[in-house]
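Input: a single structure, listed below in structure tokens.
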Amino acid sequence: MYLRELQIEGYKGFREPFSVSLQKGLNVIVGENASGKTAIVDAIRLLLREDEFGHAPVNESDFHRPFDPTLKSAETFRLRVGFIDLSEDEHVAFLPWSDVNGDASLTLLVDNKQNHRGNYKRTLWGGVSQASMFEWELFDSINCVYLPPLRDAEARLSEGRSSRLARLLKNLQRQKIQEAKKKGELLPIEKTVRDFNKNLSDDKDGVIAKANELIRARLRESFGPVFGQDTQIQFSEVNFNRIAESLRLMFFPNIKDRASSEEFRTLMENSLGYNNLLYLATVLAELTETREDYFSVLLIEEPEAHLHPQLQIRLLKYLESTARDKNVQVIVTTHSPVLASSVSLETVIQLCVTDKKPQAVALRSCGLSKPSSAFLNRWLDTTKSTLLFAKGIILVEGIAEAMLLPELAKIVLHEYDKLPDTLEDGGVSVINMNGIYFKHFMQLFADLDENGSESIPVRCAGITDNDPPTSSKPIPSNPIPGTNPALKLLKIVNASNWARLYPSPLKTFEYDLAFCGNNIQIMATVLAENWPTDGLVRSEIQKLAKKEWGSESEDNKSETASEILSHIEDKSMGKGLFSQLLADHIKSGTSIVVPGYICKAIIWACGGNPDES
């Protein structure tokens, strides 16, 4: 049994009906700030009556409140979770929450009207009928645990009734406590504490006995024998629960030296990151080893808090295996590209806001083929990319486009008042694929196989080369058909809602860039200033840099653009270094003409309409 779907309407940032599809095991919800990640977690907590949240009062801010003054706050909010894959025992236990198909559901409806006590009316029901009798005891079979984003691990592991350590110990010993009570016996640890307390009090010359006698004397002197009270200094009450609440967790700075009892430290001396790991380990121990619930779910917000990247990866890999092996559904929200890229795409749910409406897309529903899924998993794990967190995406084939595009975008966007000034301002990421892997990537944003798969509702533009024969020198009035296999995707990609593919009209990125305006002169200047040898090649390049190319014929430009391309690809220079040097020139104020297809890709990714430009 596991949570298959969560539906929200009128709750917090979700005015319109919203649903998110979940899977058994690990679910990693990624997305920008204010996209609704916390609201999703809070909705589950509220529905499943999570210990620290389920009994809390509903607040006015829980009802959707629009920023538009012409719209009213939501009159109600509605939350619903659906459970599937119930075992035979679960079918019997959760029959009151089940429908005719045997799937269970739980719905909460809250009216935006307060009674005389200031409380909002809640209506909770299981299954399809609101009128059916509700069995609250079923919540005892659900174990929902929540870890907040900025958790105070030290406080939650300290002594006391709210201690996670005490809760773990009580759950581990629950059955034996009940058996001992029936027999009227003490548990072994209770006997040990009783004997220890007795030894303390029997040691008449010990410091404990002396301190206790001094306190008793002062009490008798101050209040007399009638009003005074007696005292007893001891380790703990002889009761397992009180003993558990008195214990504290210690840590060893080096796990290899744990046999050396002199090296333990208190949590106050530990780092925030490692205390978070100790806290999480305690929660997982309780969740996986101490109860026989029908359903267990662990909700974690921002597990990356205070952890360096290697620990982030180790933690999430462990959560993935725990979810798989211990039958615990784990739902994680994160802002960390490191975390998002360290798990399988099957586990990732992308959450974004489109037209002020949150949308969730499980990447497993994007119709990725096995080769595409394997490729993207390897690519994300290697690059730790921001692909899953961007407001817009531009896919490029290589390092040259990746380095130059941010500077070219500033030139393009300068002409548009309604678009951001830079790619960074627009939350647009340039993704270097290091090849022509558009089919793998574009499947996330367009239904390339036309099988009805979902698409991430984020604008994605692809920039690709035309790639005619290597020796060809195409010109605008006589273009040459390209051999780039990505061009086969052009029609279906450009007919989609969220993706566009923009091929170079002539040859390659550098060739097309050189063909525009007086760019040959600028590119030749960069080459001449940075050519490593002072010989014939530099001399020829310097000649190109001294000439005005804006009004030259297409044929002359094609010859020279080919020459420029050959120098850039020469091992003495290289595309990466040249792009970096040219980007520096543009940063310093050098004006350059941006090819039309590049302009269109930038405008599309930033939310504009390139067909109107």
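These values consider heavy atoms only, across backbone and side chains, with no hydrogens, waters or symmetry-generated copies. Worth saying up front: this structure is predicted, and the values here are computed from it rather than measured.
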Close side-chain approach of [X] and [Y], heavy atoms under 4.5 Å:
X	Y	result
F63	K12	no
V343	L319	no
I29	T334	no
I40	F14	yes
T333	V41	yes
I394	I602	yes
V328	V297	no
S341	T383	no

So S372 and S369, side chain to side chain donor-acceptor pair (under 3.5 Å) or not? Walk me through it.
CA-CA 5 Å; S372 291; S369 64; 3.1 Å; yes

Is it true that a side-chain atom of [X] and a backbone atom of [Y] form a donor plus acceptor pair closer than 3.5 Å?
X	Y	result
D111	K113	no
D89	A93	no
R4	L22	yes
N119	N115	no
S385	L387	yes
R500	S496	yes
T422	D425	yes
S105	G82	no
E179	K176	no
N377	L345	yes

Testing the basics here: between [X] and [Y], what is the closest heavy-atom pair and its distance to 0.1 Å?
X	Y	answer
S73	N112	CB-ND2, 4.2 Å
C144	L299	SG-CD1, 3.8 Å
Y120	N59	CE1-C, 4.1 Å
D85	Y2	CB-CE2, 3.7 Å
S21	R364	O-NH2, 3.2 Å
E304	S336	OE2-N, 3.6 Å

How many angstroms lie between [atom1] in [X] and [atom2] in [Y], if you round to the nearest 0.5 Å?
X	Y	atom1	atom2	value
L47	L106	CG	CG	5.5 Å
R80	E5	CZ	CD	6.5 Å
L448	Q443	CG	CD	4.5 Å
E401	M433	CD	CE	9.0 Å
T386	K391	OG1	NZ	14.0 Å
L315	L339	CG	CG	7.0 Å

Between D449 and K439, is the closest basic N to carboxylate O distance under 4.0 Å?
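Yes, K439 and D449 are salt-bridged.
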
Under 3.5 Å, is there a donor-acceptor pair linking the side chains of [X] and [Y]?
X	Y	result
Q329	S296	no
D103	N101	no
S342	Q312	no

Between F295 and F83, does the ring centroid distance fall short of 6.0 Å?
yes

Distance flag, aromatic centroids of F445 and W604, threshold under 6.0 Å
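Ring-ring flag for W604/F445: false, centres at least 6.0 Å apart.
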
When you look at L79 and T107, which way does the side-chain contact (heavy atoms from CB on, under 4.5 Å) test go after all the steps?
CA-CA 6 Å; L79 309 176; T107 305; over 6 Å; no

Kindly assign one of parallel, tilted or perpendicular to the pair H440 and F375, based on the angle between their ring planes and the thresholds 30° and 60°.
parallel

Does [atom1] in [X] sit with more than 12 non-hydrogen atoms of other residues, nucleotides or ligands closer than 6.0 Å?
X	atom1	value
Q114	CD	yes
E88	CD	no
K317	NZ	yes

Chi angles and distances behind the side-chain contact (heavy atoms from CB on, under 4.5 Å) call for N609, I603
CA-CA 7 Å; N609 184 355; I603 294 167; 5.8 Å; no

Going by side chain to side chain contact (heavy atoms under 4.5 Å, CB included), name the residues that satisfy it together with I177, two or more places apart in sequence or in a different chain.
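Once residues adjacent in sequence are excluded, the partners of I177 under the side chain to side chain contact (heavy atoms under 4.5 Å, CB included) criterion are Q173, K181, L187, F240, N241.
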
Quick one: which of E302, E32, H335 gives a side chain to side chain donor-acceptor pair (under 3.5 Å) with K37?
H335

Evaluate side-chain contact (heavy atoms from CB on, under 4.5 Å) for V430 paired with V428, printing each intermediate quantity in order.
CA-CA 7 Å; V430 178; V428 176; 5.5 Å; no

Stepwise, does the side-chain contact (heavy atoms from CB on, under 4.5 Å) test hold for Y437 with W379?
CA-CA 11 Å; Y437 304 113; W379 183 86; over 6 Å; no

R459 to W498, cation-pi by 6.0 Å centre distance and 45° axis angle:
no

